[in-house]
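Source: prediction; values computed, not measured. Letters A, B, ... are given to chains in the order of the sequence lines, protein chains preceding strands, and every chain is numbered from 1.
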Number of protein chains: 2
Amino acid sequence: MLNTATPSTPAPVLPAIGNAIAGQHTADTLKLLCEQLKPQRRVVHTGDVVYQAGERFANLYILNSGFFKIVNLSIDGREQVVGLKFRGDWLGFDGIAGTRYACDAVAMDTGEIWVVPYVALLEACTRHPALLHVLHTAMSREIAHDRDSLMSVCTLPADARVADFLRHWAESLAERGMRTDEITLRMTRAEIGNYLGMTLESVSRALSRLARDNVIGFATKGRRDVQIPDVGALSAFVQRCLAPAPAMLQ
Amino acid sequence: MLNTATPSTPAPVLPAIGNAIAGQHTADTLKLLCEQLKPQRRVVHTGDVVYQAGERFANLYILNSGFFKIVNLSIDGREQVVGLKFRGDWLGFDGIAGTRYACDAVAMDTGEIWVVPYVALLEACTRHPALLHVLHTAMSREIAHDRDSLMSVCTLPADARVADFLRHWAESLAERGMRTDEITLRMTRAEIGNYLGMTLESVSRALSRLARDNVIGFATKGRRDVQIPDVGALSAFVQRCLAPAPAMLQ
DNA sequence: CGTAGGTTTGAGACTCCTCAAGCATGGTGG
DNA sequence: CCACCATGCTTGAGGAGTCTCAAACCTACG
């Protein structure tokens, strides 16, 4: 659980399938926010808690670099990873409604977050309406994505869920202009399984099958790094899982 | 699938376990919105589509009465109920980010919605900042609730999921000042199962078990109406499902 | 009164979980 | 430097839970 020396946000690199301006949108938005809000910057390391369930809500956080998980806790002690956040994402929306945060936000790597007091943000929005739309867009995206997660968990078998998880991860990186052909999962199998509603053993088996089918590859050393030569192959794998025996030997 | 003659929002009635001002918060918020926004009112009937995935985003909708489902659609044709909405809830947040709605919103009963053009809402917010906080609260609640749904699906066995679903439904009604001792499920078993990530048969079996354990009851005629004498019993049932064999016979 | 849609219940199949063992990796201290 | 340990990963065997398929029932409606 110690910090790796290298932060997880290398200089943006072209994604495998080249959209030359990939990541530009994220970068532009971040620039706007930084200029308008002059946020306090805070460096976090693996395991650092950005905010905690029950803590009084005051700030939103914008992720400039690093990688974070959102963990929901139930009264009876169940623990559930309900979200994963990358550069450009916001943290803390869950706190607006109840005056207290509803879950934990934990860094899974070294990174930098921008602290934005909610009241200061609202004030800035009156001066600069574009900010308000950026905020709403971020919340809207989160709502839409949470629904997609629910659909994945509800409609996909275990193997497809893992494939879809990797696909989404790769696409998130691509949107931010980062390379997707080899990604480093900074989550254990147990965390992935928790997020996807399955056991760590099932995650491991799913990954093994994906590797056997050459949909993904493993780096020479260790199995934390996953090679994704073709993101489309992951989508195809998902479809194959959904069609039990399509036109097998047609 | 025809409309029932009676709309689903009777005059607010005290909830089973009396919080004398239950529903007051919802009512107050709706009053504020109505006064400030003077929204266009629209009556909908069972099956009416409020908005559709792909349709150009322009409006948000506030639910004054009735009962609605949010349906996500995947490219490959999977269909997933990802949300249920009651009086006081908002519809359409998913459209803000992408300029188009990301899912379908469908009425499951006769009801009334208030149409609020997004740009008009923003304009009104500059004049009346309290509106902005109401909007953000609504979005925040939605985010928090979506996460709770994901946790339910990921961590609870089938029976507990159904119990938790009923508990949440009853609490939603209670918050709005409606009676919770006998509720009418306006969803088929298939829809419930889809929402909870299980088959209609499993839902049916779960309900039968809940009835056998006297956690719920069925009305004399038909099995659409569910009696919930004690919402706490549903929570207890969920806990019992989570503790496989706790202190069985000491 | 017949039909259609929704529900219940059963039996068998299949997926995924549980439990267990063995292996790999990386850090620590002798 | 290497033995040692902790942690995480993989794989197998067996079992629990859920799904699939099928039949029968019930209710509403024409």
* Asked: For the residue pair A:F165 and A:W169, does the interplanar ring angle fall in the parallel (under 30°), tilted (30 to 60°) or perpendicular (over 60°) class?
  ->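 Perpendicular: the ring planes of A:F165 and A:W169 meet at over 60°.
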
- prompt: Considering only heavy atoms from C-beta outward, does the side chain of B:R42 approach that of B:E112 to under 4.5 Å?
  reply: no

How close or far is atom [atom2] of [N] from atom [atom1] of [X], stated in whole angstroms?
{"X": "B:N194", "N": "C:dG6", "atom1": "CG", "atom2": "P", "answer": "14 Å"}
{"X": "A:R186", "N": "D:dC9", "atom1": "CZ", "atom2": "P", "answer": "14 Å"}
{"X": "B:L200", "N": "C:dG5", "atom1": "CG", "atom2": "P", "answer": "15 Å"}
{"X": "B:D225", "N": "C:dT7", "atom1": "CG", "atom2": "C1'", "answer": "14 Å"}
{"X": "A:R209", "N": "C:dC16", "atom1": "CZ", "atom2": "P", "answer": "8 Å"}
{"X": "B:F218", "N": "D:dT27", "atom1": "CZ", "atom2": "P", "answer": "13 Å"}
{"X": "A:L185", "N": "D:dT7", "atom1": "CG", "atom2": "P", "answer": "21 Å"}
{"X": "B:R223", "N": "D:dA28", "atom1": "CZ", "atom2": "C1'", "answer": "16 Å"}

Among [options], the one nearest [X] by side-chain distance:
{"X": "B:E201", "options": "D:dT18, C:dC16, C:dT9", "result": "C:dT9"}
{"X": "A:M198", "options": "C:dT8, D:dC9, C:dC17", "result": "C:dC17"}
{"X": "B:T199", "options": "C:dA20, C:dC17, D:dT20", "result": "D:dT20"}
{"X": "A:S208", "options": "D:dT20, C:dG6, D:dT10", "result": "D:dT10"}

Worksheet item: Can you find a donor-acceptor N/O pair under 3.5 angstrom joining the side chain of B:R205 to the base of D:dT20?
Response: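 It does, because a donor-acceptor pair links the side chain of B:R205 to the base of D:dT20 below 3.5 Å.
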
### Query
So does B:R189 reach the base of C:dT9 with its side chain, donor to acceptor, closer than 3.5 Å?
no

Check ion pair A:E142-A:R147 (N to O, under 4.0 angstrom) =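 Not counted as a salt bridge, because no side-chain N and carboxylate O are separated by less than 4.0 Å.
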
At under 4.0 Å, does any side-chain N or O of A:T188 touch on OP1 or OP2 of D:dG8?
no

message = Does C:dC17 have its OP1 or OP2 closer than 4.0 Å to a side-chain nitrogen or oxygen of A:S202?
response = yes

Notebook entry, point to check: Under the side chain to side chain contact (heavy atoms under 4.5 Å, CB included) criterion, do A:T199 and A:S202 qualify, and how do the steps go?
Noted result: CA-CA 5 Å; A:T199 60; A:S202 292; 3.2 Å; yes

- Query: Can B:R186 be said to sit on top of B:F67's aromatic six-ring, NZ or CZ under 6.0 Å from centre and within 45° of the ring axis?
  - Reply: no

Result for 5'-nearest mapping on DNA chain C, choosing between A:G197 and B:A190, is B:A190

### Query
NA contact type, B:R224, heavy-atom cut-off 4.0 Å: base, sugar-phosphate, or nothing?
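If one applies the 4.0 Å heavy-atom cut-off, B:R224 turns out to touch the sugar-phosphate alone, with no base involved.
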
